[in-house]
Undergrad: 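Sending over a structure as C-alpha cells; questions will come in a sec.
Note that these values count all heavy atoms, side chains included, but never hydrogens, waters or copies made by symmetry.
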Amino acid sequence: ARSFGPEIYGVFSLAVAIFIIFTLFPMLGFDRGILRFVSLYRGERNTQKIKYLFSFSIKFLLVSSIFASIILFSLADIISLRIFNNSNLIPFLKIFSFVIPLFIFSTFFLSIIRAYEKISWYSFILNILQNILKPISLLILIYIGFGLNSISYSYSIGILGMLVVSYIFCKINFPTIFKTTNLNKKEKSILRKDFLVYSWPIMFFGVINTIFFWIGSFSIGYFRSVLEVGFYNAAVPLASLLGFVPELFIQLFFPLITREYSKKNFTFIKELSKQLGKWIFILNLPFFIILFLFPGAIINLLFGKEYIVAETALRILSVGTFIACSTIYISDNLLSMKGKSKLIMINIFIAAILNLLLNIFLVPKYGLNGAAMSATITQILLGTALIIETKYYLSITPVRRKMLKILFVSLIPTILLIYSRRIIPINFVSMFLLGFLFLSLYLLLILITHCLDKNDFVVLKSILNFKRFNHFFQS
C-alpha cells in the first residue's frame with residue numbers, strides 16, 4: 001500500500017477477492033466437511049471412515065482445482081477489461097490462477113490439523129508462517145527488481161509455504177489417514193453421500209460469504225474507481241482485526257463441540273458457548289472503542305496520510321464487525337455442529353442479496369462509506385437471525401447477562417478517553433499511552449465490579465499455561 005500507492009493496492013485487493021471466489025467452487029465445502037466429519041468420527045473412534053473421506057477428498061480436489069486454474073487463466077482478460085476496465089488486473093489474475101491448487105490443498109490439510117485439535121500448529125501455519133513469508137519475500141523481490149509482479153509472487157510464496165508445512169505435519173503426525181481403508185462399497189457409498197450432502201451447501205456458504213465481505217470492493221470498483229477500492233481496503237483489514245479474538249477460541253471450539261456432540265454432551269456445549277461468548281465480548285470491546293474513536297490516527301500510522309479518507313468507513317465497519325464477532329462466530333459454529341449447513345447457506349444467501357442491493361443504492365452516492373454502511377447493516381441483521389435460529393434449534397443463546405454490565409463498566413474509561421483526546425494532541429506516542437491507560441482502567445473496573453465468575457478465573461489461570469488451557473476445554 002505504501003510502496004505502490006492506493007490504486008495498485010486496490011487492484012491487488014480485487015485480484016485477491018476474485019482468486020478466493022475461484023478457490024471456493026472447486027473446494028465444494030470439503031474443508032468444512034472434513035473438519036466436521038473427522039471430528040465426529042474421532043469421537044466415535046472410527047478411523048476407517050476418516051481414511052476413506054481423506055482419500056476421496058484428495059482425488060476430487062486434485063481434479064477440481066486444476067479445472068478452476070484453467071478457467072481463471074482463460075477468463076483473466078475478460079474479467080479485467082470488460083468488468084473492471086483495468087489492464088493492471090490481468091497479470092495478478094494469471095499468476096493467481098496457478099496458485100489455486102496450492103491454496104485448496106493447504107486449506108484442506110489445515111482442516112485436518114484443526115480436526116485433530118492441533119490448534120497451536122494450525123494457528124502457527126495459518127496466522128504466522130504465511131504472514132511472515134509474504135512480506136519478507138515481497139521485500140526481497142522488490143529489492144531484486146521484480147517490480148509489480150513481486151506482489152503476486154510473494155502472495156504465492158506464502159501460500160506455497162503454508163501447503164508444504166501443513167502437508168509435512170499431517171504426514172508425520174497422522175500417517176494412518178494416508179493408508180487404504182477397508183470399508184466395503186456400500187459403506188463407502190453411504191459415507192460419501194452423507195459427506196457431500198453436508199458439504200455442498202457449505203460451498204455456496206463459502207462463495208456467498210466471501211462475496212458478502214468483498215461485495216463492497218466489487219461495487220466500488222464497478223461504480224466508482226480502483227483508487228477508491230484501495231482506500232476502502234485500508235479500512236477493511238483494520239476492522240477485520242476485531243476477528244482476531246474470536247478466532248483464538250473458534251479454532252478449537254468447533255472440533256471440540258462436534259466431538260462432544262457425538263457423545264451427546266449438550267450441557268458442556270451450552271456452557272462453553274456462553275462462556276466463550278462472554279470472553280469474546282470482554283476482550284473485543286476495548287479494541288472496538290479505540291478503533292471507533294481513533295480511526296484516522298490508526299490508518300495514518302499503518303497505511304499513510306493519503307488513506308485517511310477511509311476513516312469514516314473504518315468507524316462504520318468496526319461497528320458491524322464488532323457485532324458480528326459477538327453473534328455470528330459462535331452461532332454459525334453451533335448450527336454447523338448440528339448439521340444445519342443448508343440453513344446457514346440460506347442465511348448467507350439472503351444476507352448477500354441484501355448487501356448487494358444496499359451497495360447498488362449507496363455506493364454510487366456515498367462511495368466507500370456507502371459500502372461500509374451496507375456491510376454493517378447486513379452483519380447486524382445476519383447476527384440477529386443466527387442467534388434466533390441457535391435458540392430455536394439448540395436452545396442455546398451464546399450471551400450472558402453480565403455482558404450488559406460489562407458494557408456499562410466500559411463507559412467510564414471511554415468518557416475519560418474522549419475527554420483526553422480533546423486536550424492531548426494525537427500522535428503515535430500519545431495514542432499508545434492513552435490506549436494503555438484505557439485498557440488498564442477497563443480491566444481494573446472489570447475485576448472490581450465482579451464481572452468475572454469462577455469459570456473466568458479458571459480460564460485466566462490456565463491461559464498462563466497452554467497445556468492447562470487446552471486441558472480445561474477438554475475436561
Undergrad: Check whether any side-chain heavy atom of Arg224 sits under 4.5 Å from a side-chain heavy atom of Leu368, and report yes or no.
TA: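 No, every pair of side-chain atoms sits at 4.5 Å or beyond.
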Undergrad: Tell me whether the centres of the aromatic rings in Phe4 and Tyr9 are closer together than 6.0 Å.
TA: no
Undergrad: Can you tell me how the ring of Trp121 sits relative to the ring of Phe124, calling it parallel under 30°, perpendicular over 60° and tilted otherwise?
TA: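 Perpendicular: the ring planes of Trp121 and Phe124 meet at over 60°.
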Undergrad: What orientation do Tyr155 and Phe96 show, parallel under 30°, tilted 30 to 60°, or perpendicular over 60°?
TA: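 Answer is tilted, since the angle falls between 30° and 60°.
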Undergrad: Ile412 pairs by side chain to side chain contact (heavy atoms under 4.5 Å, CB included) with which of Leu417, Leu445, Thr449?
TA: Leu445
Undergrad: Phe19 and Phe103: aromatic ring centres closer than 6.0 Å?
TA: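 Here the rings of Phe103 and Phe19 have centres that are less than 6.0 Å from each other.
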Undergrad: If I take atom NZ from residue Lys134 and atom CD from residue Gln130, how far apart are they, to the nearest 0.5 angstrom?
TA: 4.0 Å
Undergrad: Less than 4.0 angstrom from a charged side-chain N to a carboxylate O is my criterion; do Lys340 and Asp332 meet it?
TA: no
Undergrad: Within the structure provided, determine whether Phe438 and Leu434 are in side-chain contact (heavy-atom separation under 4.5 Å).
TA: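 Side-chain contact under 4.5 Å: no.
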Undergrad: State, with a plain yes or no, whether a side-chain heavy atom of Leu358 is found less than 4.5 Å away from one of Met373.
TA: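 With C-beta onward as the side chain, the pair stays apart.
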Undergrad: If you define the side chain from C-beta out and look only at heavy atoms, does anything of Cys170 sit under 4.5 Å from Ile113?
TA: yes
Undergrad: Taking the six-membered ring for Trp, are Phe169 and Tyr116 ring centroids under 6.0 Å apart?
TA: no
Undergrad: Between Phe195 and Phe30, does the ring centroid distance fall short of 6.0 Å?
TA: yes
Undergrad: Which class fits the ring pair Phe105 and Phe108: parallel under 30°, tilted 30 to 60°, perpendicular over 60°?
TA: perpendicular
Undergrad: When you check the side-chain N and O atoms of Gln379 and Asn355, is any donor under 3.5 Å from an acceptor?
TA: no
Undergrad: Checking side chain to side chain contact (heavy atoms under 4.5 Å, CB included) for the pair Tyr153/Ser137: CA distance, chi angles, key distance, verdict?
TA: CA-CA 8 Å; Tyr153 288 152; Ser137 57; over 6 Å; no
Undergrad: Less than 3.5 Å apart, any donor N or O on the side chain of Asn233 or Ser217 sitting next to an acceptor on the other?
TA: yes
Undergrad: Is any side-chain heavy atom of Leu238 closer than 4.5 Å to one of Phe303?
TA: yes
